[in-house]
There are 2 protein chains.
Amino acid sequence: MVRPDAKRLCAMTIVNSPFARKLAAFVTLSDSDLTVLSDLYRRRRVFPAGRDLMHQGQTSHPVYILADGWACSYKLLPGGTRQIVDFQIPGDFLGLRSVLFRTADHNIEPITRVEASEVMAHDLLDAFARTPRLATAVLWAASRDEAMVVEHLVGLGRRNAVERTAHFLLEMGARLKLVGIGSKAGFACPLSQYLLADALGLSAVHINRVLRELREDGLLTFQHGQVVFDDLAGLVKLADFDAAYLDHDGPLLR
Amino acid sequence: MVRPDAKRLCAMTIVNSPFARKLAAFVTLSDSDLTVLSDLYRRRRVFPAGRDLMHQGQTSHPVYILADGWACSYKLLPGGTRQIVDFQIPGDFLGLRSVLFRTADHNIEPITRVEASEVMAHDLLDAFARTPRLATAVLWAASRDEAMVVEHLVGLGRRNAVERTAHFLLEMGARLKLVGIGSKAGFACPLSQYLLADALGLSAVHINRVLRELREDGLLTFQHGQVVFDDLAGLVKLADFDAAYLDHDGPLLR
DNA sequence: GTCCGACGCTGCTGTAGGTAAGCGCATCCT
DNA sequence: AGGATGCGCTTACCTACAGCAGCGTCGGAC
């Protein structure tokens, strides 16, 4: 049996993890929630940048919680091109959706060196059974992820390159702020223009044009791995970005 | 208490509903699963074509199971344009995803006259608790829906107009075949070229050209509300469509 | 009847964004 | 030092698609 103060200490260390910070944005987590959470963190693993850690068609892979670094999930097309569906940042799940299917339907590639905790599906369900609030928070986070995919889809279908790029970078800013990396001013961004292009359905050359345009219009500067929002209000208006997303500080449900 | 043979009769009538047919494609449903299912069907409602039955920003709306007709979920953009995220056909949920959020993040519009069963979130969770297999099947169906949204996103990002249109119509064909409407040969399709355009991120005029092109190449005919696959193999190849999707007849998990 | 609105179809013109190619500047290797 | 290699940046040219305008057909309202 663990002594209460040791438990507390454990909860203290976990509370600043990106995953906990993200969930805490949806519901207020109790100490017991946090200790259950910390159990999920045990099997920490490290992956180098560039080598896929999940392939489409691969059967029965584990689920990870990203602790550090960036990854992306993408699909390959026969022409050799690819479409990046979403980027994962600290606090996000890797491969949660495809755990229900026996086979993954997309690839996941670490963009930087990545640290992630491997979670057994069984342990996760077990944790849900013990702490319903945690289950609610995770489901909520999953719904938010899906809503972001939908927003991405809308952008690809009906927004032009500039709006789309602005919207994307605003959204990344909001997500990073939520887990304590980055702020309203900007964020450190390890994405190359090629990655941006594959995510936004554009060519790398055109991404370059778009970034220059945004820079020259005094809206946003993306240089040397750093995104700076030069005119946040202007960007939000241009991209039709839901600003509530960027702003909320406390949990939505107490 | 219902007599066993009455129960059986009830299960017999429900088994041919689109919803049950769809779930049965994922897991084999027992008689008791089917009776639980039939309880969900009680509050049947009818909606006329064209008038939205859910608005983005609307709070605390119910969930429906579509029994007859077509609907679409879409998002409006400030320019007055819209992007259709997905079409719903018999057997599909309406508004399942946004039930976790307090407010819906998209609109749902009936394309034809629509019959749908209103389901209380509580009843649904109750049904899940009683029949885990049903819960599995529903989760599976939800995952499939999300996978389709992802595939739609990939199409918008990296497929040209012809491939995208072909892929879309193949997918609708596969979905309709699953619930017993339509076949490998084709299906009845109430979508106007304007709706197609809003879903595929194109203009209605260009959809028209694309459909003509597909027709002239002997691949597919879409005329008078009827889609006919003239050259299924050619279409599958052109669109890079996952044919396994179209083929499976029995449940994936027994 | 004839008016009117949906919807489908086509031709013309403009443009957003793709493709190809090349340069500069880092970093890494040998 | 010299050559790879990767990434950012730019220019010139080309195409897939949008926008607009117009015309035909069907079906419903009056």
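Note that these values count all heavy atoms, side chains included, but never hydrogens, waters or copies made by symmetry. Proteins come first, then strands; the chains are lettered A, B, ... in the order of their sequence lines, and each starts at number 1. Keep in mind that this is a model prediction, so the values were computed, not measured.
- Between the two ends of the helix from dG1(C)-dC30(D) to dT30(C)-dA1(D), each summarised by a five-pair axis, the helix axis turns through 30° (rounded to 10 degrees).
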In 5'-to-3' order, the base (B), backbone-only (S) or no-contact (-) status of each nucleotide in nucleotides 7-21 of chain D, using a 4.0 angstrom heavy-atom cut-off, is -SBB-B----BBBB-

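- For Tyr41(B), the ring pair (Phe, Tyr, Trp, His ring centres under 6.0 Å) criterion is met by no residue, not counting sequence neighbours.
- Listed by first and then second residue, the side chain to side chain donor-acceptor pair (under 3.5 Å) pairs that reach into residues 214-223 of chain B are Thr221(B)-Asp230(B), sequence neighbours excluded.
- Nucleotide dG27(D) holds its C1' atom 15 Å from the NE2 atom of His224(B), rounded to whole Å.
- At a threshold of 4.5 Å between non-hydrogen side-chain atoms, the residues Phe168(B) and Met172(B) count as touching.
- If you look at Phe187(B) and Phe222(B), their ring centroids are not closer than 6.0 Å.
- Partners of Glu118(A) under the salt bridge (Lys or Arg N to Asp or Glu O under 4.0 Å) rule, at least two apart in sequence or in another chain, are Arg43(A), Arg45(A).
- Counting only N and O atoms by type, the side chains of Gln56(A) and Asp105(A) include no donor and acceptor under 3.5 Å apart.
- Side-chain contact check for Tyr74(A) versus His106(A): every heavy-atom pair is 4.5 Å or farther apart.
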Side-chain donor-acceptor pairs under 3.5 Å in residues 191-201 of chain B, sequence neighbours left out?
from, atom 1, to, atom 2, distance (Å)
Ser192(B), OG, Tyr194(B), N, 3.3
Ser192(B), OG, Leu195(B), N, 3.3
Gln193(B), OE1, Asn208(B), ND2, 3.2
Asp198(B), OD1, Arg158(A), NH2, 3.0
Asp198(B), OD2, Arg82(B), NE, 2.9

